[in-house]
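Numbering of ligands and ligand atoms starts at 1, following listing order.
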Amino acid sequence: MTEAEPSEQMTLNLVHEPVIARKKAKHDAHQSRPDASEDGETDRVEAHPSKRARITDDHPASEAQDFISSLFKHNPDIPQLEASEAVPLSEQVFSGQGFEKVGIHPYLVKNMKDAGIIDMTQVQALSIPVILAGQDALIKSQTGSGKTLAYAVPILHQLQAKTPKISRSDGCHALIVVPTRELAIQSFEWIQKLCRSFAWIVPGLLLGGEKKKSEKARVRKGINILISTPGRLIDHIQHTQCLSLKHLTWLVLDEADRMLELGYERDVQAILTAINEQAQGHHRQTLLLSATLTSGIEQLSEVSMKHPKFIDAAVNEENTQCLTALTTPDNLKQAFIIVPAKLRLVCLASFILWKCRYSKSRKMLIFMATQDMVDFLMDLFECTLNVPDEPHPSFRPKKSFSQMNLTDDAKSLVGTEFIDEPQTPARKKLVPIELLKLHGNMSQSERANVFKTFREADAGLLLCTDVAARGLDLPQVDWIVQYNPPISNADYVHRVGRTARIGAKGSSLIFLLPSEANFVKELENDNLLLAEMTIAQILKKLFINSELVSQKTGKLPHTMEEAATNLQMKMEAMVLNDEHIHQRASQAYVSFIRSYASYPKEVREIFCFKELHLGHIAKSFALRDPPSRITGIGKGNWVDNEEKKKQNLKREEKMINAQKKRIDQKSLIMSEYSTGFDGIDASSIVKKKPPTVKKSSKKKKRLGKKT
Ligand SMILES: Nc1ncnc2c1ncn2[C@@H]1O[C@H](COP(=O)(O)OP(=O)(O)OP(=O)(O)O)[C@@H](O)[C@H]1O
């Protein structure tokens with residue numbers, strides 16, 4: 001691969017001494033960092049722990065060195081981070097009180113009991129009485145703490161008690177707006193479960209992806225509790241005359257802070273305008289919920305709520321922090337790893353093998369920056385991690401000790417040394433890793449299928465974009481990996497919140513480039529404390545368990561570096577030889593570069609485009625082409641005849657056109673939250689200016705009031 005190497009030759013040292021030295025230097029202060037290793041190991045990694053480390057006569061050192069590509073050379077240094085003073089906020093999950101305590105209807109209590117829900121969580125105990133009292137509320141509690149039931153239970157309790165009984169012809173009494181289709185489905189399923197004993201209350205779901213005609217027919221029949229995504233809802237408000245909001249009493253905006261971002265505020269404003277027009281004079285209660293409430297939420301509360309009550313489940317006598325403070329579950333172990341660009345891919349693949357094949361923790365979510373990255377890595381891992389290695393055809397393994405019909409005496413003469421030689425691995429039956437992907441550019445039926453499959457699976461790996469970052473309740477996820485960092489601390493909290501839900505244990509790992517190391521500090525400023533994991537910790541597992549032989553010799557690796565190189569080579573060979581995967585790799589690379597260039601300016605100092613070494617980044621996509629060749633931009637004079645040149649130009653043009661659709665971070669993320677609603681220009685609906693998000697310390701203080 002052609003790379004513009006830095007002038008100074010730097011070699012990444014994978015043996016553990018520097019880490020130990022660093023640990024020593026940090027010593028006392030470092031004790032505040034939790035230990036990253038989730039299986040009770042320390043950070044210590046023996047450089048060459050097993051018999052494979054020995055270089056025999058058949059494998060002279062020079063040959064072993066040959067195996068090592070430039071993966072471990074010319075990498076930037078890994079910065080040493082100071083220990084943090086941050087003290088994470090703690091939030092109690094359960095309240096220790098039953099739902100009867102707040103006067104909830106016994107049938108509702110029974111329906112919850114049937115689903116294994118007995119005691120209220122802290123946020124439920126705080127919110128339900130406020131909602132029952134008819135007050136508007138701004139509700140914040142950590143991810144996975146039961147906010148759905150915190151609003152659904154009191155709404156249903158009041159709906160069933162209405163006299164005369166509500167009927168389908170009334171239209172919508174409660175409207176629940178959520179940012180993604182998956183979250184809409186999930187909330188709908190819960191409301192359906194709770195409604196079981198109240199047959200006259202009809203919940204309904206509008207989320208696009210389904211024919212609008214059949215959605216209209218369902219609206220015409222009558223829906224009392226309507227759950228929808230914003231775009232689709234506006235479409236119906238505009239075009240479905242039978243959608244009646246005149247009896248609307250409850251408006252719930254779940255993931256309220258998300259509703260303020262990325263153009264959603266216009267949709268929300270349009271929904272509020274429609275409700276105000278149709279339900280004039282009718283008492284309305286508005287509830288805004290999220291695990292993170294940014295200061296901008298106050299503008300939304302000002303336009304949509306009257307004298308709202310602020311509920312923060314983390315606030316208690318000891319902790320009086322304001323509503324905008326970030327909290328993660330106590331049972332979540334968070335770690336970061338600083339990986340130079342060239343080693344990113346192999347570290348990710350090794351981490352997947354470690355957690356999804358070699359250990360018991362086997363349900364993992366990996367967040368990526370773009371849809372193209374998800375598509376590419378899905379295909380690449382399917383073809384490499386799930387396909388056993390073929391030994392090199394010319395390789396003739398020596399007979400193993402057990403294959404030689406030696407007498408016991410002869411065996412003792414030969415000695416056990418002989419067994420220790422690296423052999424062609426026995427053709428073990430490979431346990432495939434269940435790979436799934438989820439992003440906003442998939443059909444609704446595909447998305448629904450993946451969501452259902454992953455939710456029900458005991459093990460598996462879901463590669464996804466931020467479409468899965470908010471609200472999704474996926475049981476027993478062991479690991480959250482952020483292969484690309486999020487654009488804000490709040491997004492970090494939502495992503496890691498897909499694990500360690502409702503008191504369960506979970507772990508998370510974020511990959512950072514050396515130039516991005518300050519993101520750890522940024523998180524610490526919000527009292528989010530992460531332990532450091534090292535590259536050696538990950539690659540050690542690959543080496544010990546290696547099923548990957550060298551493509552060159554067909555033999556097992558002798559060192560950790562060699563094991564990593566074998567894996568990287570396998571992936572590079574796949575990209576090189578498979579036109580489809582090569583195309584995907586190139587698109588993924590371009591999409592990554594574009595998304596990186598458009599990080600919001602608040603974090604651009606950390607995610608600085610100029611710090612990217614594009615040649616090294618290309619390696620992290622298993623591409624051997626020089627960057628100019630991948631993007632088609634720049635000098636790269638790499639074709640040797642006119643015909644080929646034309647073909648390549650065409651290919652590049654096609655690729656760049658495809659990329660134009662996903663040109664910046666904002667539109668990228670908007671597409672992730674696509675509601676399935678096409679062809680409507682929100683600006684044509686809303687004339688009123690949306691609430692602008694300003695930072696105001698005074699207002700922050702007001703948000704900080706205790707409930
Ligand atoms: N009182 C309870 N007891 C036991 N489990 C509960 C209780 N309330 C909710 N749960 C369960 O907790 C899980 C998380 O609930 P929910 O999805 O509502 O969390 P959330 O706070 O909305 O999370 P997020 O902020 O990620 O959206 C669900 O599986 C739900 O069934």
Ligand 1 atoms in contact with T148 (distance to a heavy atom under 4.0 Å): 16 (P), 17 (O), 18 (O), 22 (O)
Geometric cation-pi criterion K437 and F454, 6.0 Å radius, 45° cone: no
At less than 4.0 angstrom from any non-hydrogen atom of S145, what atoms of ligand 1 do you find? 19 (O), 20 (P), 21 (O)
Can an N or O of I117 be found at a distance shorter than 3.5 Å from an N or O of ligand 1? no
Determine whether the aromatic ring centres of residues Y151 and W250 are separated by less than 6.0 angstrom. no
Under a 4.0 angstrom heavy-atom cut-off, which atoms of ligand 1 come close to L149? 8 (N), 9 (C)
Under 4.0 Å to a heavy atom of E255 - the qualifying atoms of ligand 1, by number: 27 (O)
Note: Q124, heavy atoms under 4.0 Å from ligand 1, region reported as side chain
Near R498, which atoms of ligand 1 are under 4.0 Å from a heavy atom of that residue? 26 (O)
Using the six-membered ring wherever Trp is involved, compare the ring planes of F607 and F519 and label them parallel, tilted or perpendicular (cut-offs 30° and 60°). tilted
is_close_aromatic(W200, F198), centroid dist under 6.0 Å: yes
Under a 4.0 angstrom heavy-atom cut-off, which atoms of ligand 1 come close to I502? 5 (N), 6 (C), 7 (C), 10 (N), 12 (O)
Closest approach of any protein heavy atom to atom 21 (O) of ligand 1, naming residue and atom: K147 NZ, 2.8 Å
If hydrogens are left out, which of D473, D119, L183, L472 has an atom nearest to atom 13 (C) of ligand 1, that is, the closest non-hydrogen atom? D473
With nothing but distance in play, are any N or O atoms of T143 less than 3.5 Å from an N or O of ligand 1? no
